[in-house]
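Take a look at the structure below.
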Amino acid sequence: MQGGPVAIDGELVKAAAERLASGGIVAFPTETVYGLGGDATSGLAVARIYELKGRPRFNPLIVHLAEVVAALRLGVRDRRAERLAERFWPGPLTIVVERAPESGLSELVSAGLSSVALRVPSHPVARQLLTLVGRPIAAPSANRSGRISPTTAAHVRAEFGDRVDIVLDAGASTIGLESTVVSLIGGAARILRPGAVTQAEIEAVLGERVEVGGGAAADTLPIAPGQLASHYAPRARVLLDCLEAGAGSAFLGFGDVSGGGAAVGGPRCNLSPRGDLEEAAANLYAMLRELDATGVDAIAVAPVPEVGLGVAINERLRRAAAPRPRGDD
Ligand code: TXA
Ligand code: MG
């Protein structure tokens, strides 16, 4: 299921950039997951993203740029942000800083917060698109709110059909999990969402201890998906730390946990038969979708070690397994 970025027609990318510049919505590949992009300086475009996703307005969007310097300029100058950007951009790290007063960004992008989440992706097609459009692009993952993030263009089309103006198809996302979100607001750096850039890597660059989780405000103010209990959810129930699947369930293995027992013959996938966490991350969302599409009641998932990228994989699995709020789509 893994595959590197594939080449894409330059004219299509140009058409997508023009569409974005005139207020349209374009889905595009990044190294993490596919994004649903709109002009971050246009309140109308940002509102359309929220509407398409069915996203609660209090959950702010990430702003994407091609250039490190231009991205940092949208925030108030922050030495720690500069150090992280130098080390990890372009790449799968989102940095939350105070918004610069003259950023020109739509207020809606930050959903009422005084901060902004900035990201410079490394995917060549994303970079080409962002360079051509020449302005900040707001892009949440291209899925309906609360559901599984897309790692292929086909996932995006399944989610939105023709309600998105253009879907740029560059094959499967190589990382397969959303970017690490680190907030530098108010004292200690804090990881709001784990991802491919790990706590240890961030601590090494900053030379200080980094907190993990939503912090004191988490109960009252959801500021990252980490604070919304149910997220990344398939239709089927998700069961964690299973060594086998019961009747009517699918099994999602990892390593040599093959999930025998009652569900022999039932739908099954293995995130990485050789127990490789990068391969597992890249396969996670596509396999959850594939097993969900078989119509099973539940997906039983094998244990994944809580180290390195496993921290981010397990966080997504726990959200997928969390109780669903009533009325969640
Ligand atoms: O890998 C990714 O980050 C993908 C690709 C498309 O770039 N994007 C993505 O966006 O995952 P999204 O919107 O699905 O998740 C980003 C999360 C938001 O849910 C939000 O809670 C958090 O980042 N966030 C955005 N702005 C924030 C802010 N100002 N303060 C705290 N958290 C923020
Ligand atoms: Mg998302």
Side-chain angles (χ1 to χ4, degrees), residues 26-38 40 46 49-50 52-65 71 74-76 81 88-99 103 105-123 125-127 129-130 136-151 155-156 159 168 173-186 189-197 213-215 217-218 221-228 230-233 281 285 312 315-316 319-320:
V26 166
F28 64 96
T30 83
E31 69 279 19
T32 57
V33 298
Y34 274 68
L36 192 62
V46 175
I49 295 175
Y50 279 110
L52 277 167
K53 277 191 68 90
R55 166 170 237 169
R57 296 268 158 122
F58 52 67
N59 204 356
L61 305 180
I62 295 175
V63 175
H64 298 65
L65 282 109
L74 296 177
V76 172
F88 297 112
W89 281 354
L93 179 71
T94 294
I95 305 175
V96 177
V97 289
E98 290 294 342
R99 273 165 75 118
S103 72
L105 296 170
S106 148
E107 290 293 331
L108 206 47
V109 157
S110 298
L113 301 174
S114 62
S115 57
V116 63
L118 302 170
R119 165 155 144 74
V120 175
S122 64
H123 193 292
V125 173
R127 298 186 60 71
L129 178 69
L130 292 168
I137 296 300
S141 51
N143 53 279
R144 282 179 304 126
S145 189
R147 308 309 290 253
I148 304 173
S149 295
T151 54
H155 295 162
V156 179
E159 202 87 10
L168 290 178
S173 298
T174 47
I175 294 177
L177 291 181
E178 302 82 352
S179 60
T180 303
V181 178
V182 63
S183 171
L184 302 176
I185 303 291
R190 180 178 290 277
I191 292 176
L192 301 178
R193 178 174 71 184
V197 175
L221 180 67
I223 51 173
Q227 279 84 64
L228 298 171
S230 172
H231 211 85
Y232 318 108
Y285 291 145
E315 193 258 357
R316 303 311 192 273
R319 303 274 162 222

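As the structure lists them, so they are numbered: ligands from 1, and atoms in each ligand from 1. What you see below is based on every heavy atom in this structure, not just the backbone, and it leaves out hydrogens, waters and symmetry mates. When a residue number appears, it is its place in the shown sequence, counting from 1.
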Of all heavy-atom pairs between Glu107 and Arg99, which one has the smallest distance, and what is that distance?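 It is OE2-NH2, 3.8 Å.
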Of the non-hydrogen atoms in Ser183 and Leu192, which two are nearest, and what is the gap between them?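 For Ser183 versus Leu192, the nearest heavy atoms are CB-CD1, 3.9 Å.
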What do you reckon, does [X] have a nitrogen or oxygen under 3.5 Å from a nitrogen or oxygen of ligand 1?
{"X": "Ser141", "value": "yes"}
{"X": "Ser115", "value": "yes"}
{"X": "Tyr34", "value": "no"}
{"X": "Asn59", "value": "yes"}

Minimum side-chain heavy-atom gap [X]-[Y] below 4.5 Å:
{"X": "Val96", "Y": "Pro60", "answer": "no"}
{"X": "Pro140", "Y": "Lys53", "answer": "yes"}
{"X": "Trp89", "Y": "Leu118", "answer": "yes"}

Tell me whether Ser141 has at least one N, O or S atom under 2.8 Å from the Mg ion (ligand 2).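 Within the cut-off used here (under 2.8 Å), Ser141 does place an N, O or S atom near the Mg ion (ligand 2).
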Is there a donor in the side chain of [X] and an acceptor in the side chain of [Y], or the other way round, less than 3.5 Å apart?
{"X": "Thr174", "Y": "Glu31", "answer": "no"}
{"X": "Thr32", "Y": "Ser179", "answer": "no"}
{"X": "Arg119", "Y": "Thr30", "answer": "yes"}

Can you figure out which of Gly195, Ser179, Ala138, Gly37 has its heavy atom closest to atom 2 (C) of ligand 1?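 Ranked by closest heavy atom to atom 2 (C) of ligand 1, first place is Ser179.
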Among Pro121, Ala139, Pro60, Pro150, closest by any non-hydrogen atom to atom 28 (C) of ligand 1: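 Checking each option, the heavy atom nearest atom 28 (C) of ligand 1 is found in Pro60.
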Find all atoms of ligand 1 within a distance of less than 4.0 Å from any non-hydrogen atom belonging to [X], and give their numbers and elements.
{"X": "Gly35", "value": "6 (C)"}
{"X": "Leu61", "value": "25 (C), 26 (N)"}
{"X": "Leu192", "value": "31 (C), 32 (N)"}

Checking contacts here: is it the side chain or the backbone of His123 that comes within 4.0 Å of ligand 1, counting heavy atoms only? Could be both or neither.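 Neither part.
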